[in-house]
Amino acid sequence: MPDYMLLLYRPETGDDERREHDRWAELPLWAELTESLRQAGLLVAHGPLHPVAAATTVRVRDGEAELTDGPFATTKEVLAGYYVLRCADLDEALRHAARMPTARHGSVEVRPIVDPARLTAIGEGRA
């Protein structure tokens, strides 16, 4: 079964107390969702991310590493966390993405993860 990464985006907000309260209120939903995915044998990994202020972007130009504080791009939504699920197909991954509380006020991007064995086969001319 293939793996899918679900990238969880939420609107960029300041320290708005109401939004912070709403996020804390969703914790039981997240716990229930995560446990159901674990029990179904679909959960590979998951985790929240620190705020974008904690990000560092690395670029190598002319052999020199350039470090920039902050994210790669400025957007209206920020990457807040991720799930990696092992699903039968994309349709199953999309059904679970729609269950994410973040989908109600932000977005969930679903991407298939390339199987490392396939990359090895391509590199060895077997694909």
Side-chain angles (χ1 to χ4, degrees):
M1 288 195 339
D3 290 350
Y4 293 87
M5 176 157 290
L6 282 59
L7 300 167
L8 310 175
Y9 292 93
R10 64 171 176 76
E12 169 119 58
T13 59
D15 292 326
D16 181 293
E17 283 185 44
R18 173 74 177 152
R19 289 187 191 271
E20 188 66 22
H21 177 268
D22 290 348
R23 280 197 294 267
W24 280 103
E26 289 179 338
L27 283 180
L29 297 172
W30 284 109
E32 180 182 320
L33 171 68
T34 302
E35 186 55 30
S36 73
L37 293 169
R38 183 177 287 116
Q39 287 181 2
L42 301 173
L43 184 64
V44 175
H46 73 100
L49 299 175
H50 284 279
V52 294
T56 303
T57 300
V58 179
R59 294 177 181 86
V60 176
R61 301 295 185 267
D62 299 321
E64 295 291 321
E66 298 175 3
L67 306 179
T68 305
D69 290 339
F72 172 72
T74 302
T75 64
K76 292 183 180 184
E77 289 186 323
V78 295
L79 181 59
Y82 69 94
Y83 275 74
V84 175
L85 303 182
R86 185 158 293 142
C87 298
D89 55 29
L90 177 60
D91 289 338
E92 182 180 19
L94 294 173
R95 281 194 304 277
H96 292 297
R99 296 175 58 204
M100 302 284 161
T102 301
R104 297 180 196 148
H105 52 80
S107 62
V108 179
E109 179 181 341
V110 179
R111 288 200 202 176
I113 297 175
V114 176
D115 181 355
R118 179 162 162 67
L119 291 177
T120 301
I122 290 170
E124 294 174 352
R126 294 184 286 129

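Computed over heavy atoms, backbone and side chain alike; hydrogens, waters and symmetry mates excluded.
Note that OG of Ser107 is 9.5 Å distant from CG of Leu79, once rounded to the nearest 0.5 Å. With rounding to the nearest 0.5 Å, the separation of CG in Asp3 from CG in Leu85 is 8.5 Å. If you take CD on Glu77 and OG1 on Thr102, they are separated by 9.5 Å, rounding to the nearest 0.5 Å. Between the OH atom in Tyr82 and the CG atom in Leu8 there is a gap of 10.5 Å [rounded to 0.5 Å]. We find the CZ-CG distance between Arg86 and Leu42 to be 10.0 Å, quoted to the nearest 0.5 Å.
Under a 4.5 Å side-chain heavy-atom cut-off, the cluster of Ile, Leu, Val, Met, Phe, Trp and Tyr residues that includes Leu67 is completed by Val58.
None of Leu94, Val110, Val84 except one satisfies the side-chain contact (heavy atoms from CB on, under 4.5 Å) rule with Leu6; the exception is Val110.
Proximity of Val78 to Pro51: side-chain heavy atoms (C-beta onward) are nowhere separated by under 4.5 Å. Put simply, the side chain of Leu7 does not reach to within 4.5 Å of the side chain of Val108, judged on heavy atoms.
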Steps toward side-chain contact (heavy atoms from CB on, under 4.5 Å) verdict (Trp30, Met100): CA-CA 8 Å; Trp30 284 109; Met100 302 284 161; 3.5 Å; yes

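Of all the heavy atoms in Glu35 and Arg38, the pair that sits closest is OE1-NH1, 3.0 Å.
The ring-ring contact (aromatic ring centres under 6.0 Å, His included) analysis of residues 38-57, with sequence neighbours excluded, yields the pairs His46-Tyr83.
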